[in-house]
A.B. asks: 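Please find one structure pasted underneath; my questions will follow.
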Amino acid sequence: MGKNKLAKFADMETIPFVFQFPYSALQGKGFDLRGYWGKEFFHNDNPIVIELGCGKGEYTVELARRNPDKNFIGIDIKGARMWTGADAARREGLHNVAFLRTSIELLEYFFVAGEVSEIWITFPDPQMKKQRKRLTGARFLELYNHILKDGGTINLKTDSPFLYTYTRALCDSNPGAISLLTDIPDVHNRPDGLLPVLDIKTHYERQWIARGLTIKYLSFALKSTPYPITEIDDSDIERDTYRSYSRGTLESEGLRT
């Protein structure tokens, strides 16, 4: 591990709005702010918005800048990346942002039912071969339903045609459980203009755009009904061919997150 990464990990321990809780850290004591994020940490009752797989935290921080009437929590397992956003929020004195270093599978350890108003999923790995690891798959949507308020929104922003097509098909196949709100196949080439929240571009989004890839957006709400979310057969959805590049090629172009 490089010295720079070690320095970032050490600095993360000093930032009061960064919480590092891998599964091992939860054993035997739980998480004190579960159910009390608004009252005990943000000290308000504003809506709580979480970004899953926040990476460097660019989207989380920019959302916090633009929406002082909401609270934002960026979640990722990789702390060295997260440090970038945490450091920016610290330097700017943002009081409506926090970062949580943990696995997304552990969300229920950190939030009670109805505590989260909105979820952002920005440029996740489409997990084309591993449906259970797909962040917009039925397994994860059921998990989100446990912490979202009734009618809470999930936002997906992706460069992946496969993930976009799959997620749209999953919504269409579960009308009793999912309500599709917005479907934009190319967010930066719309005749009616760009939704302001979608003009936020992360470093890697700019890289994808430079390669000529379109950015897609879906928003949908999970209905508070007894209907389960049923997984779909994705075998006929075309896979992303550009993701077959070697690891070295992607890294040399600055395209691997």
Side-chain angles (χ1 to χ4, degrees), residues 5 7-27 29-124 135 140 143-149 152-157 197 200-204 257:
K5 183 174 289 189
K8 289 178 179 179
F9 277 124
D11 191 35
M12 290 269 282
E13 295 288 347
T14 72
I15 302 176
F17 54 85
V18 172
F19 303 90
Q20 303 191 74
F21 276 83
Y23 181 72
S24 59
L26 290 167
Q27 301 310 296
K29 62 178 181 179
F31 184 69
D32 291 342
L33 289 176
R34 183 177 184 267
Y36 298 96
W37 280 99
K39 180 180 179 180
E40 300 294 337
F41 180 75
F42 292 111
H43 304 294
N44 59 51
D45 58 0
N46 293 339
I48 292 175
V49 182
I50 62 176
E51 183 191 1
L52 304 179
C54 69
K56 295 182 178 181
E58 297 160 283
Y59 225 88
T60 298
V61 171
E62 185 59 27
L63 286 171
R65 292 182 184 123
R66 298 185 182 200
N67 299 275
D69 58 341
K70 295 181 180 181
N71 302 316
F72 296 89
I73 305 172
I75 301 173
D76 206 306
I77 193 61
K78 297 188 176 180
R81 295 178 185 173
M82 186 183 291
W83 174 88
T84 301
D87 182 56
R90 174 176 55 184
R91 286 185 282 105
E92 295 179 32
L94 295 176
H95 299 292
N96 62 329
V97 64
F99 287 94
L100 175 60
R101 183 179 172 227
T102 195
S103 298
I104 294 171
E105 288 90 343
L106 303 179
L107 284 177
E108 286 188 276
Y109 284 84
F110 301 95
F111 304 97
V112 298
E115 192 168 12
V116 174
S117 295
E118 189 175 358
I119 294 174
W120 278 87
I121 307 172
T122 53
F123 302 98
L135 292 186
F140 276 98
L143 172 60
Y144 308 153
N145 217 359
H146 294 163
I147 64 171
L148 274 172
K149 71 174 187 179
T153 305
I154 299 173
N155 305 277
L156 170 68
K157 197 175 183 186
V197 73
I200 302 172
K201 297 186 185 75
T202 66
H203 170 75
Y204 291 105
T257 59

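Here the structure is a predicted model, which is why all the values come from computation and not from measurement. In what follows, every heavy atom counts, from backbone to side chain, and hydrogens, waters and symmetry copies are set aside.
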A.B. asks: Would you check, one step at a time, whether the test side chain to side chain contact (heavy atoms under 4.5 Å, CB included) holds for N67 with V49?
C.D. replies: CA-CA 11 Å; N67 299 275; V49 182; over 6 Å; no
A.B. asks: Minimum heavy-atom separation for F19 and A98, please, with both atom names.
C.D. replies: CE1-CB, 4.4 Å
A.B. asks: Do V197 and R66 pass the side chain to side chain contact (heavy atoms under 4.5 Å, CB included) test, and can you show the C-alpha distance, the side-chain angles, and the key distance before you say yes or no?
C.D. replies: CA-CA 9 Å; V197 73; R66 298 185 182 200; 5.6 Å; no
A.B. asks: Before accepting this row, confirm whether a basic side-chain N of the pair D11/K8 lies closer than 4.0 Å to the acidic partner's carboxylate O.
C.D. replies: no
A.B. asks: Would you check, one step at a time, whether the test side chain to side chain contact (heavy atoms under 4.5 Å, CB included) holds for I73 with F42?
C.D. replies: CA-CA 11 Å; I73 305 172; F42 292 111; 4.0 Å; yes
A.B. asks: Taking all non-hydrogen atoms of both residues, which atom of I200 and which atom of Y59 are closest, and how far apart?
C.D. replies: O-CE1, 3.3 Å
A.B. asks: Mind checking whether I50 and L100 have side chains closer than 4.5 Å, heavy atoms only?
C.D. replies: no
A.B. asks: Going by salt bridge (Lys or Arg N to Asp or Glu O under 4.0 Å), name the residues that satisfy it together with K157, two or more places apart in sequence or in a different chain.
C.D. replies: E205
A.B. asks: What's the spacing between I75 CD1 and M82 CE if we round to 0.5 Å?
C.D. replies: 8.0 Å
A.B. asks: Determine whether the aromatic ring centres of residues F31 and F21 are separated by less than 6.0 angstrom.
C.D. replies: yes
A.B. asks: Inspect the surroundings of CG in D69 and state if more than 12 heavy atoms from other residues, nucleotides or ligands are less than 6.0 Å away.
C.D. replies: yes
A.B. asks: Which heavy atom in A80 sits nearest to a heavy atom in K5, and how many Å separate them?
C.D. replies: CB-CG, 3.7 Å
A.B. asks: Show me the side-chain donor-acceptor pairs of residues 111-121 shorter than 3.5 Å, one per line, residues at least two apart or across chains.
C.D. replies:
{"from": "E115", "atom 1": "OE1", "to": "G35", "atom 2": "N", "distance (Å)": "3.0"}
{"from": "E115", "atom 1": "OE1", "to": "V112", "atom 2": "N", "distance (Å)": "2.9"}
{"from": "E115", "atom 1": "OE2", "to": "G35", "atom 2": "N", "distance (Å)": "3.2"}
{"from": "E115", "atom 1": "OE2", "to": "Y36", "atom 2": "N", "distance (Å)": "3.3"}
{"from": "E115", "atom 1": "OE2", "to": "W37", "atom 2": "N", "distance (Å)": "3.3"}
{"from": "E118", "atom 1": "OE2", "to": "W120", "atom 2": "NE1", "distance (Å)": "3.4"}
{"from": "E118", "atom 1": "OE2", "to": "N155", "atom 2": "ND2", "distance (Å)": "2.8"}

A.B. asks: Applying salt bridge (Lys or Arg N to Asp or Glu O under 4.0 Å), can you list everything that pairs with R34, at least two apart in sequence or on another chain?
C.D. replies: none
A.B. asks: With heavy-atom distances below 4.5 Å as the criterion, would you say the side chains of P124 and L156 are in contact?
C.D. replies: yes
A.B. asks: Mind checking what makes salt bridge (Lys or Arg N to Asp or Glu O under 4.0 Å) contact with D76, not counting sequence neighbours?
C.D. replies: none
A.B. asks: Find the distance between CG (L143) and CG (L106) and round it off to the nearest 0.5 Å.
C.D. replies: 9.0 Å
A.B. asks: Which heavy atom in L33 sits nearest to a heavy atom in F41, and how many Å separate them?
C.D. replies: CD1-CB, 3.9 Å
A.B. asks: Can you list every pair that meets side-chain hydrogen bond (donor to acceptor under 3.5 Å, both in side chains) and has a residue in residues 101-111, with sequence neighbours left out?
C.D. replies: Q20-R101, E108-H146
A.B. asks: With no hydrogens and no angle check, is any side-chain donor or acceptor of E58 less than 3.5 Å from a backbone partner on T202?
C.D. replies: no
A.B. asks: A side-chain contact here means heavy atoms from C-beta on lying under 4.5 Å apart; do L135 and Y144 qualify?
C.D. replies: yes
A.B. asks: Side chain to side chain contact (heavy atoms under 4.5 Å, CB included) with N96: which residues, sequence neighbours excluded?
C.D. replies: A64, N71, F72, L94
A.B. asks: Between I104 and G53, which heavy-atom pair has the shortest distance, and what is it?
C.D. replies: CD1-N, 3.8 Å
A.B. asks: Flag the pair W83 / V18 as yes when at least one side-chain heavy-atom distance between them is below 4.5 Å, and no otherwise.
C.D. replies: no
A.B. asks: Could you please spell out the steps behind the side chain to side chain contact (heavy atoms under 4.5 Å, CB included) verdict for T14 and R90?
C.D. replies: CA-CA 11 Å; T14 72; R90 174 176 55 184; 3.8 Å; yes
A.B. asks: Give the minimum heavy-atom separation between F9 and G79, together with the two atoms involved.
C.D. replies: CE2-CA, 3.9 Å
